[in-house]
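Here's the structure we're looking at; comments come further down.
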Amino acid sequence: MSRTILVAVAWPYASGSRHLGHLAGAYLPSDIFARYHRMIGSRVLMVSGSDVHGTPITVRADQEGVSPQEIVDRYHAEFVSNWDDLNMQWDLFTTTGTENHHAVTQDVFMRLYEKGHIDKRSSEQFYDPEAQRFLPDRYVEGTCPHCGYKDARGDQCDNCGRTLDPIDLIEPRSKLSGATPELRTTEHFYLRLTDFEEQLGEWLRGRKGWRKHVLNFSLGWIEEGLQDRAITRDIDWGVDIPVDGLGPGKKIYVWFDAVIGYLSAAKEWAASQGTPEAWRDWWENPEAEHYYFIGKDNVPFHAIIWPAMLMGYGGLELPTDVPANQYVTFKGGKASSSRGIGLTIPEALAAYEPDALRYAMAANLPEQSDTEISEEEIARRINEELVATWGNLVNRVLSMTAKNFDGAVPDPGPLAAEDESLLATIDETLVTSAQQLERVELRAALRTAMEGAQAVNAYLNALEPWKTAKTDIERTATTLSVAIDAIEGLTVAFSPYMPVTSAAARQMLGAPEIDGWTRRGVEPATPLGQIAPLFAKVETATD
RNA sequence: GGCGGCGUAGCUCAGUUGGUAAGAGCGCUCGACUCAUAAUCGAGAGGUCGGCAGUUCAAGUCUGCCCGCCGCUACCA
């Protein structure tokens, strides 16, 4: 029976270009996983979209003298273009700016409110009289009361690392205008996370196969005790609060609405298909599996807050797994486009072919620990592994076949033990890589596929078809035919990672489109396609 | 400060519930081959598994302390 899979992908924040850390953290793994599931016949719904609300976007808009919508439109267009270049296969990539999303967010808010999981409280916040705006903690700067550092942020001092309360800053000033902020009382709605503490703990302790950094981190939050959390902000850019009582100038907090995007996007997708109820197959179906692809900084939102919201709402499915990735680091530091650390996705796409970039990043996915990446590392992965082992394998086999057998797949004749053995190895490659993909061990599954390619190279070196071509054409036919069948099988394993070149390789082999996670081989006498190298080597900085 | 993760070969990383002489890829050395994008294949060198002390018949794997790196710390998203 075919499985029902929701591939939920972190919503990129439309405040600037995304970088390779984001690509490796969430987008590439989700696409690989979704493609695998489509190949084995699962019903996949892969959704995400641009996250368009929040203070940083309004600040940037002010700085540039444009509307927040202009900022959002610019980066949303860039993301869509990136995904297109990378051949990301979304079922829907929308934004949180749609009417549908606002309506679904308000529905979730109202339901939680009516069930008593949201209440109203007041607190004191810094307000910038010049910018006429309440300031998030990190937009208040001043002198650290602990170490005297002059440019401490309101949430944390970058010098001594201590967590701060902006009220404790000496000589506080607004990061926006430099003005001295004043304290004002403000009312907000709070999500009562404490209502779900026990239920969340029980649920989390029952999770199997979750990465330990995800599970331990989440359980740590539970053990420390959850805190109720404000879910509205003093801002005019966001989703309207669907109940009266707070007065103007307040919106729903961007993070509360962003996670709801997984649900609203499913509804938008269903409506766009002309089957408006179809979202229920994923969200109200206990058999459905939900996988959330995010970076580790988002673990609390996906393993604590969003599940709590779902529990409170009732009748919707909780995450099956949250395979959060760690960080990609450049020269030891976390990638950051705002600080210019590491390549942005547009920069990387300008430098590398999409499939080659996908290979290099997939081979370095930070699944267990932070992974150090450099342009040298990307070039090494492409030149020393991808081109040398896989690209060259396809090229050497096809070249020999074209030359010796009139550009068509030869008839293998009876197979010898070593022929059967190679094909068994490739079949095993597909079995093993599928198991690893199921566990979201994407790096390992790619490695497995490469080992399959090495096995074919070793087989060729052992049977030396370039020699037998002069002495035993039947043996040569067997060798090359078996190698072609093996390569056909490997294109299946590589396809989730490198869809374009895998399809190109199949065309060269004369193989039909992939049908299932299995080796099918190529019929004898099938004419080969136009042969060309699958990948080009990249120049390295030192060349 | 608190919490979490990490610290394993020159580099990038794997090492399930503790158990045969510690692994992979790349790099390096030697050899084979020369069909192929000087690509491939084989062999080899290379590690006190951050440090110290424990538990155990047995620890990279468990416990404690220490050192270092990264992240989070609930109002960045």
Side-chain angles (χ1 to χ4, degrees), chain A residues 10-15 51 53-57 59 123 125-126 134-140 146 153-156 160-166 188 193 211-221 223-224 226-230 233-234 253-255 258 295-301 304-305 326-327 329 332-334 338 363-374 376-377 380-381 383-385 387-389 391-401 403-404 441 443-444 447 450-451 453-454 456-462 464-467 469 476 480 532-537:
Chain A
W11 292 59
Y13 196 56
S15 63
D51 179 1
H53 300 310
T55 305
I57 285 173
V59 169
S123 63
Q125 285 284 302
F126 272 119
F134 277 95
L135 297 168
D137 288 357
R138 64 170 42 205
Y139 282 85
V140 180
H146 302 288
R153 295 197 319 254
D155 58 341
Q156 182 170 30
C160 67
R162 282 196 175 81
T163 303
L164 304 177
D165 189 315
H188 282 294
L193 284 175
R211 295 178 183 174
K212 67 180 174 186
H213 68 268
V214 176
L215 197 54
N216 288 349
F217 184 85
S218 306
L219 286 170
W221 263 45
E223 277 160 29
E224 280 178 49
L226 294 179
Q227 294 173 28
D228 297 334
R229 190 177 170 109
R233 290 290 184 277
D234 293 287
Y253 172 44
V254 57
W255 245 114
K296 68 175 166 184
D297 51 340
N298 281 341
V299 167
F301 293 98
I304 304 277
I305 297 171
Q326 308 259 10
Y327 288 135
T329 60
K334 177 189 173 185
S338 61
N364 282 315
L365 291 179
E367 293 177 330
Q368 306 296 336
S369 52
D370 290 352
T371 296
E372 173 73 12
I373 287 190
S374 60
E376 291 72 27
E377 171 68 7
R380 183 188 74 72
R381 289 287 188 185
N383 292 343
E384 309 295 337
E385 293 184 7
V387 173
T389 304
N392 181 57
L393 169 65
V394 174
N395 194 232
R396 72 192 292 210
V397 168
L398 290 177
S399 297
M400 267 188 284
T401 306
K403 185 157 44 171
N404 291 295
E441 294 171 1
R443 239 178 118 134
R447 184 72 239 147
M450 282 302 271
E451 284 166 6
Q454 289 173 327
V456 184
N457 275 321
Y459 164 86
L460 291 171
N461 280 37
E464 302 181 307
W466 54 91
K467 278 189 183 169
T476 310
L480 290 176
L534 289 178
F535 309 96
K537 283 197 175 190

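Here is how names work: the chains are called A, B, and so on, in the same order as the sequence lines, proteins then strands, and each is numbered from 1.
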> Using purine N1 to pyrimidine N3 plus N6-O4 or O6-N4 for Watson-Crick, or N1-O2 and O6-N3 for G-U wobble, each under 3.5 Å, what pairs with rG31(B)?
Replying inline: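 In the structure as shown, rG31(B) has rC41(B) as its Watson-Crick or wobble partner.
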> According to the Watson-Crick and G-U wobble definitions, with both distances under 3.5 Å, which nucleotide is paired to rA9(B)?
Replying inline: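 None - no nucleotide pairs with rA9(B), as no candidate has both distances under 3.5 Å.
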How is [X] classified with respect to the nucleic acid when contacts are heavy atoms under 4.0 Å: base, sugar-phosphate, or nothing?
| X | result |
| --- | --- |
| Trp11(A) | nothing |
| Asn383(A) | nothing |
| Phe535(A) | base |

> side chain to side chain donor-acceptor pair (under 3.5 Å) with Ser399(A): which residues, sequence neighbours excluded?
Replying inline: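 Listed in chain order: nothing, the list is empty.
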>> Holding to side chain to side chain donor-acceptor pair (under 3.5 Å), I want the full list of residues that pass it with Lys296(A), two or more places apart in sequence or in another chain.
In response: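 By the side chain to side chain donor-acceptor pair (under 3.5 Å) rule, Lys296(A) matches Gln326(A), Asp370(A).
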> Can you tell me if the side-chain N/O atoms of Lys537(A) get under 4.0 Å from OP1 or OP2 in rA38(B)?
Replying inline: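 Answer no for this pair, as no side-chain N or O of Lys537(A) is under 4.0 Å from OP1 or OP2.
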Between the protein and nucleotides 34-36 of chain B, are there any N/O to N/O pairs under 3.5 Å, and if so, what are the atom names and distances?
residue: rC35(B); atom: O2; partner: Arg396(A); partner atom: NE; Å: 3.3
residue: rC35(B); atom: N3; partner: Arg396(A); partner atom: NE; Å: 3.3
residue: rC35(B); atom: N3; partner: Arg396(A); partner atom: NH2; Å: 2.6
residue: rC35(B); atom: N4; partner: Arg396(A); partner atom: NH2; Å: 2.9
residue: rA36(B); atom: O3'; partner: Asn395(A); partner atom: OD1; Å: 3.0
residue: rA36(B); atom: O2'; partner: Asn392(A); partner atom: OD1; Å: 2.4
residue: rA36(B); atom: O2'; partner: Asn395(A); partner atom: OD1; Å: 3.2
residue: rA36(B); atom: N3; partner: Asn392(A); partner atom: ND2; Å: 3.2
residue: rA36(B); atom: N3; partner: Arg396(A); partner atom: NE; Å: 3.1

>> Measuring from the side chain of Val254(A) (C-beta onward, heavy atoms only), which nucleotide among rA39(B), rA77(B), rA74(B) has the closest atom?
In response: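 Closest nucleotide to the Val254(A) side chain: rA77(B).
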> Counting side-chain heavy atoms from C-beta on, which of rU37(B), rA77(B), rC6(B) comes nearest to Val387(A)?
Replying inline: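 Among rU37(B), rA77(B), rC6(B), the one nearest the side chain of Val387(A) is rU37(B).
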List the residues meeting ring-ring contact (aromatic ring centres under 6.0 Å, His included) with [X], not counting sequence neighbours, and say none if there are none.
| X | value |
| --- | --- |
| Tyr13(A) | none |
| Tyr459(A) | none |
| Trp466(A) | none |

